[in-house]
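Worksheet: one structure, shown below.
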Amino acid sequence: MVAAQAKLVYHLNKYYNEKCQARKAAIAKTIREVCKVVSDVLKEVEVQEPRFISSLNEMDNRYEGLEVISPTEFEVVLYLNQMGVFNFVDDGSLPGCAVLKLSDGRKRSMSLWVEFITASGYLSARKIRSRFQTLVAQAVDKCSYRDVVKMVADTSEVKLRIRDRYVVQITPAFKCTGIWPRSAAHWPLPHIPWPGPNRVAEVKAEGFNLLSKECHTLAGKQSSAESDAWVLQFAEAENRLQLGGCRKKCLSLLKTLRDRHLELPGQPLNNYHMKTLVSYECEKHPRESDWDESCLGDRLNGILLQLISCLQCRRCPHYFLPNLDLFQGKPHSALENAAKQTWRLAREILTNPKSLEKL
């Protein structure tokens, strides 16, 4: 048994050093190329409208606010200033979303975003995004990369297609630090020793983002408060949770396997599903020793089996907001197909670790 585990870990490490590192290097090169174009567009936006200041800065070889959705798809979060005069309200009526309401009607004129405040005192995510989309469309025509970049039509999101190869969504957002949403108040679960009080304090201090984007849970619901709502996002908190042991290596293996074998019709699976399942695996295996290098094979298998279970049940709860289903809106046939493909992959890796050389 131990020999079989060691053999699997050996082949996973080989796969990591060859395939995962190559994937990382290729994506890093793409990110540099894409960020040059996005920065140029955002510089033009800022000239027209100084309230939209580019926050796309490179620090320690990574860009703040950039998320890799797949090797050809990225999201850049554009942090806006001055949320100050608004109260953050998440009463659970909109799973995965919250609203920003004026703390005092008399403060309306003090807000930097006065013309995007609705009559009932909400700061409208949709109105801000609509204005931003107009500015980006104008900037694309003026910027120095105008020959290689164009807006993606037929969406209320701000998406750029670059060199006909890459799609980048630029999402206006507010950073919320020092508060924690009520809808995530159950976390951490009281009976689970992971991640421990110090890490919990760090994660909660990291806070979350409020994004102006289409919320899948609201599709088909048209009340004004809902179209004005902001989407909760916990990227930095999740990154902080997954430090230590072989957690990041495990996630890197899962992303690489997804890119190579689970990029399927109907796009049932993305990197974020993998990241979410790593967090759940951390809860199931709370001891640091469970994430020792020698356990890499066990953790990867556990996550793949959990993924199959989620796909078969057609439900993948968000880690911090379990009422939010990350498979919502995905075609059932696509989820069934993904379950079959994941099962093939898991069986192959478990029964014949050497097969990783060809995967």
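D325 approaches R314 most closely through the heavy-atom pair OD2-O, 3.6 Å. Nearest heavy-atom pair, D292 versus C246, reported as atom, atom and distance to 0.1 Å: O-SG, 3.8 Å. A pairwise comparison of heavy atoms in K213 and R129 identifies N-NH1, 3.2 Å as the closest pair. Nearest heavy atom pair, residue R247 against residue V278, reads O-CG1, 4.4 Å. Across all their heavy atoms, S55 and Y79 have their closest contact at OG-N, 2.9 Å. Looking at every heavy atom in both residues, T30 comes nearest to P71 through CG2-O, 4.2 Å.
Residues R126 and D228 are paired through a salt bridge, judged by an N-O separation under 4.0 Å between the basic side chain and the carboxylate. Under 4.0 Å is where a charged nitrogen must lie from a carboxylate oxygen, and between E348 and K358 no such pair does.
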- Stepwise side-chain contact (heavy atoms from CB on, under 4.5 Å) test for R51 and N81: CA-CA 8 Å; R51 286 179 297 183; N81 287 326; over 6 Å; no
- Test side-chain contact (heavy atoms from CB on, under 4.5 Å) on C313 and F327 and set out the steps. CA-CA 10 Å; C313 300; F327 286 158; over 6 Å; no
- Task: Before giving the answer on side-chain contact (heavy atoms from CB on, under 4.5 Å), spell out for L257 and I349 the whole-Å C-alpha distance, their side-chain angles and the decisive distance to 0.1 Å.
- Result: CA-CA 11 Å; L257 289 166; I349 292 168; 4.0 Å; yes
- Mind running side-chain contact (heavy atoms from CB on, under 4.5 Å) on L359 and K19 for me, showing each step along the way? CA-CA 9 Å; L359 288 176; K19 310 270 177 33; over 6 Å; no
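The cluster map of Ile, Leu, Val, Met, Phe, Trp and Tyr, joined by side-chain heavy atoms under 4.5 Å apart, puts L211 and L324 in different clusters. Put simply, I170 and V68 are part of the same group of oily side chains (I, L, V, M, F, W, Y) that touch within less than 4.5 Å, one to the next.
Side chains of Q306 and K284: a donor on one and an acceptor on the other come within 3.5 Å. Between the side chains of S279 and Q242, at least one donor N or O lies within less than 3.5 Å of an accepting N or O.
In this pair, F320 and W180 present their aromatic rings perpendicular. The plane angle is above 60°, beyond the 30 to 60° band. The aromatic rings of F52 and F132 sit tilted, their planes meeting at an angle between 30° and 60°.
Within a 6.0 Å radius of CZ in R315, other residues, nucleotides and ligands contribute more than 12 heavy atoms.
To the nearest 0.5 angstrom, L345 atom CG is 12.0 Å from R258 atom CZ. The structure places CG of L210 at 12.5 Å from OG1 of T171, a figure rounded to the nearest 0.5 Å. Rounded to the nearest 0.5 Å, atoms OG1 (T276) and OH (Y319) are 10.5 Å apart. Here the CD1-CZ distance, from I308 to R344, works out to 11.5 Å after rounding to the nearest 0.5 Å. One distance of note links NE2 of H285 with CZ of R299; it measures 4.0 Å at 0.5 Å rounding.
A distance of 6.0 Å or more separates the ring centres of W230 and F208. Residues W113 and Y122 place their aromatic rings such that the two centres sit no closer than 6.0 Å.
Considering R199, E283, E206 as possible partners of L241, the one that fulfils the side chain to side chain contact (heavy atoms under 4.5 Å, CB included) test is R199. For the side chain to side chain donor-acceptor pair (under 3.5 Å) criterion with Y16, the lone passing option out of H11, K24, R23 is K24. Under the side chain to side chain donor-acceptor pair (under 3.5 Å) test applied with Y272, the options E67, E238, Q233 reduce to a single match, E238. Just one of K159, E157, Q169 meets the side chain to side chain contact (heavy atoms under 4.5 Å, CB included) condition when paired with E75; it is Q169.
The shortest distance between side-chain heavy atoms of L253 and L296 falls below 4.5 Å. K249 places a side-chain heavy atom less than 4.5 Å from the side chain of N13.
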